[in-house]
4 protein chains.
Amino acid sequence: MTRTGRPAGPASDTTATVLTAALDLLLAEGAGALTAQRLHQVTGVSRSTIYRHWPTPNDVLAALIDVAPSPRRQPSGDLAQDLHAEIDALCDRLRDKPVAAFLRALVAADAGLRHRYVEDLLAPVQAVLRDAGTPRAAAEDAVAAIVSPLLVDALLLDRPTARARAHRAVDLYLTEAAR
Amino acid sequence: MTRTGRPAGPASDTTATVLTAALDLLLAEGAGALTAQRLHQVTGVSRSTIYRHWPTPNDVLAALIDVAPSPRRQPSGDLAQDLHAEIDALCDRLRDKPVAAFLRALVAADAGLRHRYVEDLLAPVQAVLRDAGTPRAAAEDAVAAIVSPLLVDALLLDRPTARARAHRAVDLYLTEAAR
Amino acid sequence: MTRTGRPAGPASDTTATVLTAALDLLLAEGAGALTAQRLHQVTGVSRSTIYRHWPTPNDVLAALIDVAPSPRRQPSGDLAQDLHAEIDALCDRLRDKPVAAFLRALVAADAGLRHRYVEDLLAPVQAVLRDAGTPRAAAEDAVAAIVSPLLVDALLLDRPTARARAHRAVDLYLTEAAR
Amino acid sequence: MTRTGRPAGPASDTTATVLTAALDLLLAEGAGALTAQRLHQVTGVSRSTIYRHWPTPNDVLAALIDVAPSPRRQPSGDLAQDLHAEIDALCDRLRDKPVAAFLRALVAADAGLRHRYVEDLLAPVQAVLRDAGTPRAAAEDAVAAIVSPLLVDALLLDRPTARARAHRAVDLYLTEAAR
DNA sequence: ATTTAACCGAGACGGTACGTCCCGTCTTTAC
DNA sequence: GTAAAGACGGGACGTACCGTCTCGGTTAAAT
């Protein structure tokens with residue numbers, strides 16, 4: 001096959017326009033607002049174009065997540081310090097909205113996306129534990145006990161994530177592990 | 001004033017018909033299916049009637065929750081035993097679907113309903129702890145660490161609730177408290 | 001079956017509004033304009049309503065035809081006089097537009113409708129001949145020779161129907177039959 | 001001046017590809033299918049190219065008609081024989097579809113094209129009569145009476161053209177003229 | 001037994017969103 | 001200079017649902 005003609009370039013800057021607007025919508029009105037119609041109204045980009053590139057709202061959500069930066073921090077080597085730092089970072093992300101909004105959106109969305117996103121969220125903490133030589137099962141218990149309450153705060157109770165409680169949970173785990 | 005005519009009774013058994021169908025719908029297709037239209041198709045009850053009694057889908061959801069029995073168990077007095085029993089009961093409820101479905105539905109619904117429902121879910125465990133004289137803050141930490149992972153399993157990770165892990169968490173709390 | 005509730009009445013006066021507008025549209029812009037969209041723009045009746053009652057443009061056309069009066073004239077008994085009168089009437093109908101417009105519209109429409117309409121158009125002439133005792137085959141030949149040119153004028157050549165020519169054809173038939 | 005690049009020729013065999021496909025489409029689905037989009041799907045020729053050469057569906061139709069061969073037969077000199085032969089030829093063309101399809105298409109299309117096409121269709125018969133010295137008015141009457149019924153059969157009644165009736169009409173004209 | 005208020009079904013109506021399709025224009029690339 | 005590929009805005013199409021409404025029937029209490 002000769003593969004002639006203009007190559008399948010993505011959009012122009014349409015992508016940028018739409019996705020930033022989509023993020024705003026997600027934060028302001030929730031996942032239900034990630035509609036072709038709604039995005040059209042907000043961005044002025046035509047409905048056809050939006051359907052062309054993101055046939056379903058789920059596709060918009062996926063694109064948003066792909067764009068979102070997942071920050072990397074380098075470990076100091078000290079388990080306690082690294083754990084506390086990681087938890088602080090997670091609380092920050094949850095407080096600063098997009099992540100919490102993503103979570104709520106994902107409850108109603110594709111299971112694949114949802115799992116991927118949550119695992120990505122848990123990964124850093126799990127990595128710290130594993131680097132410190134924690135056995136796999138114990139690490140998972142710890143992550144669950146420490147991180148899940150934060151997610152529940154953001155997802156179900158609409159309250160600021162209980163940062164202090166999370167740090168207490170970390171300390172509990174550390175003293176337990178030291179024994 | 002003569003106050004004659006048929007008194008403003010509720011419906012006949014329409015209520016039962018509609019609400020059981022609504023529960024089925026909720027379990028099978030999610031909260032998005034709790035539509036007047038949809039309920040009409042499924043039950044044969046006319047659209048008008050449904051709008052009359054439950055003007056919005058949220059009202060259907062609320063009615064469903066009000067109907068759902070929240071089981072009461074009487075404490076044996078032994079903290080450890082009671083805690084484990086309560087956790088088992090919660091896992092059962094989450095495994096048997098309706099509760100998990102309610103939770104998913106409520107993520108996208110009215111905040112008031114959501115808070116009420118989650119608190120009701122946590123209440124029994126909290127009650128056991130409080131009856132044993134646990135200080136309020138410690139009790140909340142424990143509940144968070146023990147129950148939240150179960151909710152995350154059901155809501156975000158679509159896995160059967162990790163019953164064993166929950167029991168380990170209970171034990172961890174008990175030994176910690178004993179110290 | 002108890003047959004309860006409001007009986008399936010047709011529309012209110014929606015029908016009248018829409019159909020008169022439809023006739024105007026048909027005459028002014030041709031069959032292609034008998035669209036739900038177009039009818040909505042012109043009448044203000046909502047698109048939903050139009051789709052409800054006339055799901056396809058063809059249904060509108062059919063309704064129009066059903067409404068259109070097909071005039072009845074009583075025969076004098078004199079073959080020549082009746083034939084000429086019938087032809088004059090037909091020419092009038094073709095000149096006064098709706099019938100010609102219907103014909104053009106029907107070329108692109110449902111075959112059933114088309115046949116019915118054309119037969120209705122030919123029927124009066126055929127009736128006159130049959131009443132005079134003309135054998136069936138001869139009558140059909142005559143009708144074809146006399147009427148078809150008028151239809152072709154209106155349908156394909158966009159010229160006023162050649163009334164004089166039609167009358168000459170009638171005379172030709174009469175003298176031929178007399179022989 | 002160096003006159004470089006590909007010379008401004010028309011297309012390669014694109015024209016052939018597209019027009020034959022267009023004819024198939026016309027016969028199979030009617031004039032409404034002569035769309036740039038549709039032609040692209042069927043031929044593989046790109047939409048751009050089609051728009052370049054035939055900006056509107058009408059242009060495709062016109063091109064089709066220009067391509068269609070309008071057969072020429074040489075007169076024997078005998079009026080009766082030539083007339084019958086000409087009518088036979090016309091019936092054949094109407095039976096073999098493309099001509100009938102063209103006619104239907106043209107009812108909804110450009111008036112100019114339509115007139116031209118119909119006149120071309122009538123021309124051979126008219127020519128035979130004129131060559132035999134028939135006065136203009138009489139010739140037009142005869143053509144109308146003989147040919148119009150065939151067109152009505154094909155266009156409005158969807159029946160095979162009544163060849164026998166046409167020949168009878170010819171005979172009627174001939175005896176009438178002989179008198 | 002009659003009255004009378006409430007319930008219930010059926011459906012008309014306007015409105016909005018959805019997802020698909022087509023249109024016509026354009027830009028970019030390859031030949 | 002022609003062709004291919006496709007982005008883009010625009011609009012129609014047919015469907016589905018929504019919420020409101022007006023009717024007509026049915027029912028069950030209160031008189």
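Since this is a predicted model, take the numbers as computed values, not measurements. In what follows, chains are A, B, ... by sequence order, proteins preceding strands, each numbered from 1.
- At distances below 3.5 Å, not a single donor-acceptor pair connects side-chain atoms of A/T35 with backbone N or O atoms of A/R38.
- Between the CG atom of B/N58 and the C1' atom of F/dG19 there is a distance of 16 Å, given to the nearest Å.
- With hydrogens and angles left out, the side chain of D/S48 and the base of F/dA5 share a donor-acceptor pair within 3.5 Å.
- Within 3.5 Å, a donor on the side chain of B/R47 pairs with an acceptor on the base of F/dG19, or the reverse.
- For the pair A/L39 CG and E/dA17 P, the interatomic distance rounds to 13 Å; values are reported in whole Å.
- One interatomic measurement links the two molecules: CD1 of C/I50 to P of F/dA16, which rounds to 18 Å at whole-angstrom precision.
- Nearest heavy-atom pair, C/A22 versus C/V60, reported as atom, atom and distance to 0.1 Å: CB-CG1, 3.7 Å.
- Among the atoms of the strands shown, base atoms are found under 4.0 Å from some heavy atom of A/R52.
- Residue contacts shown for D/T49 are limited to sugar-phosphate atoms, with no base heavy atom under 4.0 Å away.
- Under a 3.5 Å cut-off, the side chain of D/T49 and the backbone N or O of D/V45 do not form any donor-acceptor pair.
- Side-chain nitrogen and oxygen atoms of D/Q41 include at least one within less than 4.0 Å of the OP1 or OP2 phosphate oxygen of E/dC22.
- An OP1 or OP2 oxygen of E/dC8 is reached within less than 4.0 angstrom by a side-chain nitrogen or oxygen of B/H53.
- Each of D/R38 and B/S46 has a nearest nucleotide on DNA chain E; the 5'-most of these lies closest to B/S46.
- Here the C1' atom of nucleotide E/dC18 and the OH atom of C/Y51 are 14 Å apart, to the nearest Å.
- In this structure, B/L25 atom CG and F/dC17 atom P are separated by 12 Å, rounded to whole Å.
- A/R104 contributes no side-chain N or O that, together with a main-chain N or O of A/V99, makes up a donor-acceptor pair within less than 3.5 Å.
- The side chain of A/T35 places no N or O atom within less than 4.0 Å of a non-bridging phosphate oxygen (OP1 or OP2) of E/dA17.
- Using modelled atom types, one side-chain atom of D/R114 and one backbone atom of C/L156 make a donor-acceptor pair closer than 3.5 Å.
- Nearest-nucleotide positions on DNA chain F for D/V45 and B/Q37 put D/V45 closer to the 5' end.
- Summarising the geometry, the separation between NE2 on A/H40 and P on E/dG19 is reported as 15 Å, rounded to the nearest angstrom.
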